[in-house]
Participant: 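Here it is, the structure in full.
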Amino acid sequence: MAVVPLSQKEIEDRIAGLPGWSADGDRLTRTYRLPSHFAAAALVMHIARIQDELDHHSDCTLGYHSVDLTLTTHSAGGTLTEKDFTLARRVEDIAPGHGAH
């Protein structure tokens, strides 16, 4: 099944439900600030597990006390699709202090 790019309206509607996330062109981005480098590294490991479960991988950069995520769907020409928002919601659910616990 082909992955369909979202319209600008669909992107705006979905991003409204994801505080802290922003659309930067055809990319969805978010930075998480954590209390330590170890906590940031642990979050990266959890994100990697989710990415494997969804078979959708993002650019994930580990900083000293931060994790930067950039999501786009390469198989849809580097545009935003529902896959990106599904991944973002799953990350929000496990991010310390950000998602539902």
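Just the heavy atoms: all of them, side chains too, but no hydrogens, waters or symmetry mates, feed the values below.
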Participant: Between H57 and D52, what is the shortest heavy-atom contact and its length?
Facilitator: NE2-OD1, 2.8 Å
Participant: Apply side chain to side chain contact (heavy atoms under 4.5 Å, CB included) to residues R90 and L54 and explain how you reach the verdict.
Facilitator: CA-CA 10 Å; R90 290 281 306 274; L54 298 176; 3.7 Å; yes
Participant: Under the side-chain hydrogen bond (donor to acceptor under 3.5 Å, both in side chains) rule, what pairs show up with a residue in residues 70-80, not counting sequence neighbours?
Facilitator: T73-T81, T73-D84
Participant: Pair up each side-chain donor or acceptor in residues 34-48 with any protein partner under 3.5 Å, not counting sequence neighbours, and list the distances.
Facilitator:
from : atom 1 : to  : atom 2 : distance (Å)
S36  : OG     : A39 : N      : 3.0
H37  : ND1    : G63 : O      : 3.1
H37  : ND1    : Y64 : O      : 3.0

Participant: Can you measure from CD (E10) to CD1 (I15) and round to the nearest 0.5 angstrom?
Facilitator: 13.5 Å
Participant: Please report the C-alpha distance between F85 and L18 in whole Å, then the side-chain angles of each, then the deciding distance to 0.1 Å, and finally whether the side chain to side chain contact (heavy atoms under 4.5 Å, CB included) criterion is met.
Facilitator: CA-CA 9 Å; F85 285 91; L18 289 169; 3.6 Å; yes
Participant: CG of L6 to CD1 of I11: how many Å apart, nearest 0.5 Å?
Facilitator: 5.5 Å
Participant: Could you go through the side chain to side chain contact (heavy atoms under 4.5 Å, CB included) check for D59 and L69 one step at a time?
Facilitator: CA-CA 6 Å; D59 292 331; L69 287 172; over 6 Å; no
Participant: With no hydrogens and no angle check, do the side chains of D68 and T31 hold a donor and an acceptor under 3.5 Å apart?
Facilitator: yes
Participant: Going through the distances and angles, do L71 and T29 end up as a side chain to side chain contact (heavy atoms under 4.5 Å, CB included)?
Facilitator: CA-CA 6 Å; L71 287 60; T29 63; over 6 Å; no
Participant: What is the minimum heavy-atom distance between G25 and L80, and which atoms define it?
Facilitator: O-CD1, 4.3 Å
Participant: Under the salt bridge (Lys or Arg N to Asp or Glu O under 4.0 Å) rule, what do R89 and D93 come out as? Steps first, then yes or no, please.
Facilitator: CA-CA 6 Å; R89 283 188 295 272; D93 287 345; over 6 Å; no
Participant: Among residues at least two apart in sequence or on other chains, which ones pass salt bridge (charged side-chain N to carboxylate O under 4.0 Å, His left out) with R14?
Facilitator: E82
Participant: Look at the side-chain heavy atoms of Ile, Leu, Val, Met, Phe, Trp and Tyr, link any pair under 4.5 Å apart, and say whether L87 and V4 land in one connected group.
Facilitator: no
